[in-house]
Every structure is written in structure tokens, then in C-alpha cells.
Amino acid sequence: MLDLKYVVEHLDEVADRLSTRGGRADLEPLKDLAARRRLAVTTRDQARADQKALSDGFRQPGVTPERREGLRAESKAIGERITVLEADVSDIEARLQDVLLNLPNLPHPTTPVGASADDNVEVRAWGTPRTLDFPAKEHWELGEALGILDFEAARKISGARFVVYRGAGARLERALASFMLDMHVARHGYTEILPPVLVNRDCMVGTGQLPKFVEEAYIATDDLYLIPTAEVPVTNLHREEILDGSRLPVKYVAYSPCFRREAGSHGKDVKGMTRVHQFQKVEMVKFTTPETSCDEHEALVRDAEDVLQALGLPYRVMSLCTGDIGFSASKCYDLEVHLPGQGGYREISSCSNFEDYQARRASIRYRPAPGEKPRFVHTINGSGVAIGRTIIAILENYQQADGSVLVPDALRPYMGGIEVIR
RNA sequence: GGAGAGAUGGCCGAGUGGUCGAAGGCGCCUGACUCGAAAUCAGGUGUGGGCAUAGCUCACCGGGGGUUCGAAUCCCUCUCUCUCCGCCA
């Protein structure tokens, strides 16, 4: 959520910056509502002050019954007026909130301006894409032939866009989760979290999934939502809190399943498990000061890159342009891994700096020093990394002519010594 | 699922209709004392909103609603926590 005061005071600048996301932001209604709110609040507060002053009369010694009756009548009249004025304020504030919650974050000045994914900028690349001396297979061919990915079974028990891992496939998933968590905890200094995957509405609003993207979410009964990423429960760990500034940055890493309806992506990535309704992911989340968020964001990207480097998976780092970054993000880097089977790069991690956008929605603040005023933290998060897509990358990068797949060295200790899946 | 108890500031904990944004304690900050520290003493110390912004003012005692001239306090309701019983991985 953007700061209303800032938006109103910098209307043109905000409109310009938001327009780089595509479409145009009409902020006039917001400005109008803000002005109406100011008037309504002032009027209401004055009425309340009047009534308060009146009520002192009841306590004065020697008030006559007639005087009391007069005060009562006068106060009652003001009370009725207050009721009306309060309703007015609530109505305006609800409408204001609705507009504000549906406004995306301001792109960071360093976010490249562009209209679509085609305008994303490659920042750096690591490794050399593998060239195979035999026809490269795609992950589903390899996985099904090896008996480690079962799409047919998944279709029967859940439907399209699900996958069942079997045997070494299931083991690979578990190995990757442990491998990534261990790396981020031991080498990168994150604290491991295992969050609920069912969260309340406030969490979803806090990180920006709701209200705008309700069609993307799986909604359970009791007003609970299946998380689309561990970012949601982990960021909300500190919702409505004031953190001790000396504790920052706070760094968490969590392994969780992620549930996405993928509404609006019909016909996209229908084969295999590139785009499924449930996948698992290791997610890193940081809470930082505004001064350090850019550096911490860069560091988090490096932390994600470490995973791919350790697994020997060639990738490139893309700085997403204004037309492609997520709703809540100010700046975002995607890590795209090279897939010989699909013959191109594919997103495997998305690392975003939300600045104070989520913090304002979720009211996550910190106190720089004892006695100082609280400020909003900056939140940063990124996949470290998506496990399903890592399995895709391993299958396609480590495939051999006979259809078997080598286990990357770094993973072997986690695979019970299995060196090749055949 | 059944029965009961409870939710107050960073923490503990008082407060059962107005003088309460809220006693007291702890913690924290500032000052005095001290070579320095501890102890002691004095003062200060919540969050957000509005405005004519060194100030004034309004709101907030788990959430929502009600009664009342007036609610932390009374009533209803929801949520959560705790205790006991039942069930259960």
C-alpha cells in the first residue's frame, strides 16, 4: 500500500511512475476522497470535542436537575450528529482503503522501464548452457520414462496440473529441500521456519495477494486461504509488530508447498510440471531498514544464485522491467535456469524488494533506537529456489543419452549415495 | 464437540458508569550522585489520525454491535487463550 499523504502530495509523479507498469493510473478519485476524508474527520472530531466539553457539566458540584436535563438534551443531539458523522468517515475511509489496496507499488528508480517481459534486462549470467551430443528430452519424457514423475496418477487423484513424485523422484524433492535449507541456514544465516500453509485473510491482504488477486487463490472454509508462497505466512510473522531496530535485518527461510489456481494461464505450459497447482519451494524473507534494503536485496539474489551454482545449473539474472514486475514489488530480479530440453531459459526464482509496500499493508515497523519513532521496515523475499523447477532443470541438464540422469555432486549426500537415476 | 475462566500499555498487573490514555511495579531514556559503575534519588517514557503542527485536538483497554447525555467498566456477538471432559495424528 502506498502512503496516502505521499500520493496526494505528489500526484503527478506517482501517476507517471505507476503508468510505467502499463495502463494508466487515474488518481483523481483518490485525491478527492482524501480531501473529503480530511473534512469529515475534522468535523467529527470537533463534534466529539463539543460533547466531551458538555459532559464536564454533569460532574460540576450543585448542578440542578433542570441544568442536567438541558445538558442531557444537548448532548443527545450532538451524539446523534456524531453517529451520522462517524458513518460518513467510515464510508469514506472504506472507499479510500479499497482504492489504496488496489494500487500497485511504485517501481524503483533502478527498475528498467518497459512494457513486457521482452524488455527485461539481463544483469549477468553464470555457467555455459549445456550442449548435448544427443537429442535433448524434456523433463516429462525423462521423468515418466524413469518412473519418478507420474502425471497420470496425479490426474486421477487431483486433476490437471498436478504431479506425483515416486521413488527417486520423491527422494530428489526431499534432498533438494534439505540441501537448500541447510545452505541458507548454515552459510547464509537465515532462521528456518515451518509455517502453516493455511492462513487468514489479513495475511493475504498484508502481502498483497488480496483483494486484487482473489481469483488466483485457493480458498478453504472458515475464511482460510492456501498459501501461494511461504512469503505470505513468513512475512506476516511480524504483522502489527514494532521490531527492535538492533535486530534487523531479520532473515527467515521456509520450505512449504505453494498453491496457485493459475487462473488465466490456460493453455500455457500444459505439459509437465512447469506450471502446476501445487509445488514446493524454499523461500527466503528479509525484514530490513530502508537504508539497507537495496544491499540486502542484492545479497538475497546471491544467496539464491549460490543454490544454482552449487547444483551446477547455468542461469542468467534478469532485472524485470516496470511492465513485468509483480504488483507489490518495487524491484525484482528473476533467476532463469537454462533448460536443454525446452531449449531456453525458465524462471526458477523471483527475488523482490517490496520496500515499505507490504510493511504498510501489514503494519510491520521497527524502532531505530530506544525512544525513537517507529518506521516501516522494508521487506524482501525470493525463492531459494523453486523445487519443482529445480527438478526439471536437473533432469534436463543432467540427462544422458540412455535416458538416465546424473545426480549433481552436491546432492549426493542427500540422496543416500545415489549417483544416477536410471 | 461439552463445561468453565479469561483477553488492559514493551512486560507484569490494578481499575465495575464520568475526575481514566488508564494506579502500581518491571523495563527503557534523561539528569543528579560517582574516578567510573552498581545502588539510590528526580524527571520522562504507547500507537495512530486531524489541524491554524515548538502547540491544540480526536481515537484506541482482543474484534464488531448495543444501552447511556457519557462505556476499559453494563448487555449481545465473534475471535483467540487457558482449565477440565470427550475425540484424535
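To find a chain, count down the sequence lines: A is the first, B the second, and so on, and within it residues start at 1.
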R171(A): what forms a side-chain hydrogen bond (donor to acceptor under 3.5 Å, both in side chains) with it, not counting sequence neighbours?
none
Rounded P spacing from U77(B) to C20(B) in Å:
32 Å
Using the P atom as the reference point in each nucleotide, state the distance between G27(B) and C76(B) in Å, no decimals.
41 Å
Could you tell me how far C75(B) sits from U68(B) if I compare only their C1' atoms? Round to whole Å.
12 Å
Pairs: protein N or O with nucleotides 71-80 of chain B N or O, under 3.5 Å:
none

Check whether the side chains of Y333(A) and E298(A) place a donor and an acceptor atom closer than 3.5 Å, and report yes or no.
yes
Over all strands shown, is Q51(A) touching base, sugar-phosphate only, or nothing at heavy-atom distances under 4.0 angstrom?
sugar-phosphate
Would you tabulate the pairs of protein nitrogen or oxygen atoms and nucleotide nitrogen or oxygen atoms of nucleotides 16-20 of chain B closer than 3.5 angstrom?
unit_1, atom_1, unit_2, atom_2, d
G18(B), O2', R59(A), NE, 3.1
G18(B), O2', R59(A), NH1, 2.8

Using the C1' atom as the point on both nucleotides, what is the distance between A37(B) and U53(B), in whole Å?
42 Å
Between G21(B) and G46(B) - P atom distance, rounded Å
15 Å
Between D50(A) (CG) and G50(B) (P), how many Å, whole number?
20 Å
For nucleotides 47-49 of chain B, print each protein N/O atom paired with a nucleotide N/O atom at under 3.5 Å, atom names and distance only.
unit_1, atom_1, unit_2, atom_2, d
U47(B), OP1, R367(A), NH1, 2.9
U47(B), O3', R365(A), NH1, 2.8
G48(B), OP1, R365(A), NH1, 2.9
G49(B), O3', R37(A), NH2, 3.4
G49(B), O2', R37(A), NH2, 2.8
G49(B), N2, D45(A), OD2, 2.7

Map T42(A) and G79(A) onto RNA chain B by nearest heavy atom, then report which one ends up closer to the 5' terminus.
T42(A)
Atom P, compared across G25(B) and G48(B): separation rounded to whole Å
26 Å
Quick one: Q46(A) CD to C56(B) P, roughly how many Å, whole number?
16 Å
For Q358(A) and T379(A), which I'm curious about, is there any donor-acceptor pair between the side chains at under 3.5 Å?
yes
Are any of the side-chain nitrogens in R81(A) or D50(A) under 4.0 Å away from the carboxylate oxygens of its partner?
no
On a whole-Å scale, what distance lies between the P atoms belonging to C78(B) and G1(B)?
13 Å
Qualifying residues under salt bridge (charged side-chain N to carboxylate O under 4.0 Å, His left out), relative to D324(A), sequence neighbours excluded
none
Taken in chain and number order and not counting sequence neighbours, the residues that satisfy ring-ring contact (aromatic ring centres under 6.0 Å, His included) with H378(A) are none
Only counting residues at least two apart or in another chain, list the ones meeting salt bridge (charged side-chain N to carboxylate O under 4.0 Å, His left out) with E336(A).
R316(A)
Quick one: list whatever passes ring-ring contact (aromatic ring centres under 6.0 Å, His included) with Y345(A), sequence neighbours left out.
H338(A)
Tell me: CG of L85(A) to P of G50(B), nearest whole Å?
17 Å
Can you tell me the distance, in whole Å, between the CG atom of D202(A) and the P atom of G64(B)?
12 Å
Any chance you could encode RNA chain B as dot-bracket? Rule is Watson-Crick or G-U wobble with both distances under 3.5 Å; [ ] for pairs crossing earlier ones, | for another strand.
((((((((.[[[..)..(.....]]]((((((.......))))))((((((...)))))).[[[[[..)....]]]]])))))))....
Could you tell me the separation between the CD atom of E240(A) and the C1' atom of C60(B), rounded to a whole number of Å?
13 Å
Partners passing salt bridge (charged side-chain N to carboxylate O under 4.0 Å, His left out) against R187(A) (at least two apart in sequence or in another chain)
D306(A)
When the C1' atoms of A32(B) and G13(B) are compared, how many Å lie between them, rounded to an integer?
31 Å
How would you list, by chain and number, every residue that makes a side-chain hydrogen bond (donor to acceptor under 3.5 Å, both in side chains) with R365(A), sequence neighbours excluded?
none
Polar side-chain atom of T83(A) near backbone of G79(A) as donor-acceptor pair, under 3.5 Å
yes
Under 4.0 Å between a Lys/Arg side-chain N and an Asp/Glu carboxylate O for K156(A) and E152(A)?
no
Should R44(A) and E86(A) count as an ion pair when the cut-off is N to O under 4.0 Å?
no
Please tell me whether E13(A) and Y6(A) have a donor and an acceptor in their side chains that are separated by less than 3.5 angstrom.
yes
What's the CD-P distance between E241(A) and C11(B), to the nearest Å?
10 Å
For E173(A), what residues pass the salt bridge (charged side-chain N to carboxylate O under 4.0 Å, His left out) criterion, not counting sequence neighbours?
none
Below 4.0 Å: OP1/OP2 of A59(B) and any side-chain N or O of K52(A):
yes
